[in-house]
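Data first, discussion second: the structure below is written as structure tokens.
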Amino acid sequence: MRYEDFIKLNYVPENDLICEYYLETKEDFKKAAGGVAAESSIGTWDPDLTTMKPEIEKIAAKVFEIRGNRIKIAYPLDLFEMDNVSQILSSVAGNVFGMSIVENLRLLDIVFPEEMLKKYRGPKFGISGIRRFLKIKDRPLVGTIVKPKLGLNAEEQSEVAYKTWRGGIDLVKDDENLTDMSFNRFEDRVSKVLEMKDRAEEETGEKKGYMPNITAPYKEMERRAEIVENLGGKYIMVDILTTGWSAFEEISKYTKLAIHGHRAMHGAFTRNKKHGITMLVIAKFARLIGTDQLHTGGVIGKMEGEKNEVIEINSSLRSGNMKKTFPVASGGLYPGCVEKLIEILGKDIVIQAGGGVHAHPMGSERGAMAMRQAVEGVMKGYSLKEYAEDHEELKKAIERWGVVE
Ligand code: CAP
Ligand code: MG
């Protein structure tokens, strides 16, 4: 089959997996588009394979739509091992990005057919399960990342966590690069932080969550998940991309705990608007294989991520029959962002602040109070400035970082 033979503009997909790509080429557009369908399914550069058979040609991917630089390709399900995300990605997001006929190629969106969705359990808890567990009905969850990222010992880490829980934080998490360190051992940390969690729960009468980062070589992740479970933890955190799809898929099957998915490294392939893979696609796969919470962008913080894109990702995580993944807004956020964030992203989000809690001039506990006050003020219908009038911690936070209008 020649590359052009992979174009079938009158094809109507039924039970196929659909991918939408943005494509730029210096060569003939149809040839390049067909090339993408070929390389991601059954074809190669020389059309005259002596090994090709008519029944194999039937499962070729088909470019069935071309609109400007956007193309849609339908993939018959026989091309896939349906419950193997690595294999699916090796097909639709593999060699194609490096083909020389392609100048730029971006996988914009992916739609999984019902037959494939049935193979996946998705999140174990999802938004509703997590809300039930934390007993928080409809406000955004408030989270913090203990800062500095690295350097505190287990004891210090647990004290900082405790202070923020007391101040009103719901979820405390490790940073993406904090694992089992010489100065802060995993098991020691988890045990100390969970002890402090129990104390904070008793003192505040609220449910709290700790999300220890178990990111490590696979077998070690299993061991760490077990440590967390045996110590009474309910959550683990995994850096889903640096850990890799296969390991993430497996740990998610293995553990009974809720999973917080950190997306560190996504910018390496999501950021270039013409090439790579969108965060939307990453998020869809991450939900399929079980992430209960996922970083999707804070819109107004320190990290790149356009408003409409984040809205689209978040609504995708909450749509369909599978349990919904809690979108996490994080990165450079502080109390003054809360009103705007809720306005843009709604209440079904986790709002996290690291620097925006621990750099509060009155310290971590009162920094946590300021974040919680911001959420409560907005939920009660006040503007942040109004609510700050009789909430000192929020007032101090606004003096330091201002309010996003
Ligand atoms: C936030 C954070 C997260 C970022 C990642 C950090 O801390 O812990 O890793 O949110 O970005 O280390 O930067 P701050 P994203 O609140 O101190 O910024 O959520 O976009 O994946
Ligand atoms: Mg971080």
Side-chain angles (χ1 to χ4, degrees), residues 140-152 157 160-161 164 167 169-179 181 184 209-215 235-243 248 259-271 276-283 285-287 291-307 309-314 317 325-338 340-341 344-345 349-361 363-364 367-368 370-372 374-375 397 400-401 404:
L141 309 188
V142 190
T144 191
I145 314 96
V146 173
K147 300 279 171 178
K149 277 174 179 287
L150 293 182
L152 298 178
Q157 186 96 11
V160 175
T164 61
I169 289 287
D170 306 306
L171 298 172
V172 172
K173 77 173 206 43
D174 290 344
D175 226 321
E176 68 282 352
N177 53 350
L178 177 68
T179 54
M181 321 302 290
N184 186 331
Y210 171 45
M211 313 186 299
N213 181 5
I214 67 158
T215 299
Y235 264 104
I236 48 174
M237 162 173 150
V238 181
D239 295 344
I240 62 172
L241 295 171
T242 54
T243 296
F248 179 54
I259 301 178
H260 178 93
H262 196 289
R263 60 175 182 165
M265 199 172 83
H266 78 94
F269 41 86
T270 60
R271 192 156 186 185
I277 307 174
T278 57
M279 187 57 209
L280 176 64
V281 172
I282 305 289
F285 276 105
R287 179 185 181 199
T291 188
D292 293 283
Q293 297 179 177
L294 179 68
H295 287 240
T296 59
V299 184
I300 42 188
K302 75 180 182 189
M303 306 298 280
E304 184 267 350
E306 279 170 23
K307 176 174 147 185
E309 197 193 345
V310 179
I311 291 172
E312 189 187 6
I313 299 166
N314 291 4
L317 289 177
T325 297
F326 234 131
V328 178
S330 192
L333 302 178
Y334 47 87
C337 300
V338 167
K340 194 74 187 167
L341 263 183
I344 299 171
L345 300 177
I349 50 167
V350 182
I351 304 178
Q352 283 182 179
V357 163
H358 308 288
H360 189 285
S364 296
M371 275 302 286
R372 181 71 178 267
V375 169
R400 181 171 179 88
W401 297 300
V404 178

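By convention here, the first residue in the shown sequence is residue 1. Side chains are part of it too, since the values below use all heavy atoms of this structure and drop only hydrogens, waters and symmetry mates. Note that ligands are numbered from 1 as they come in the structure, with each ligand's atoms numbered from 1 the same way. This structure is a prediction, so every number in the text was calculated from the model and none was measured.
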Study note, to complete from the structure: Looking at Asp175, the N, O or S atom sitting nearest the Mg ion (ligand 2) is OD1

Practice item. Have a look at Glu176 and say which of its N, O or S atoms is nearest the Mg ion (ligand 2). Key: OE1

Review point. Between Asn177 and Leu150, which heavy-atom pair has the shortest distance, and what is it?
Key: O-CD2, 3.2 Å

Quick one: does [X] get an N or O within less than 3.5 Å of an N or O on ligand 1?
X	answer
Gly356	no
Gly332	yes
Gln352	no
Lys173	no

Nearest non-hydrogen protein atom, [atom]:
atom	value
atom 20 (O) of ligand 1	Arg263 NH2, 2.7 Å
atom 17 (O) of ligand 1	Gly355 N, 2.7 Å
atom 16 (O) of ligand 1	Gly354 N, 2.7 Å

Check your understanding: Is Ser330 touching ligand 1 with its side chain, its backbone, both, or neither, if touching means heavy atoms under 4.0 Å apart?
Key -> both

Review point. Under 4.0 Å between a Lys/Arg side-chain N and an Asp/Glu carboxylate O for Glu176 and Lys149?
Key: yes

Study note, to complete from the structure: Among Met303, His295, His266, Glu304, the residue with a heavy atom nearest to atom 19 (O) of ligand 1 is His295

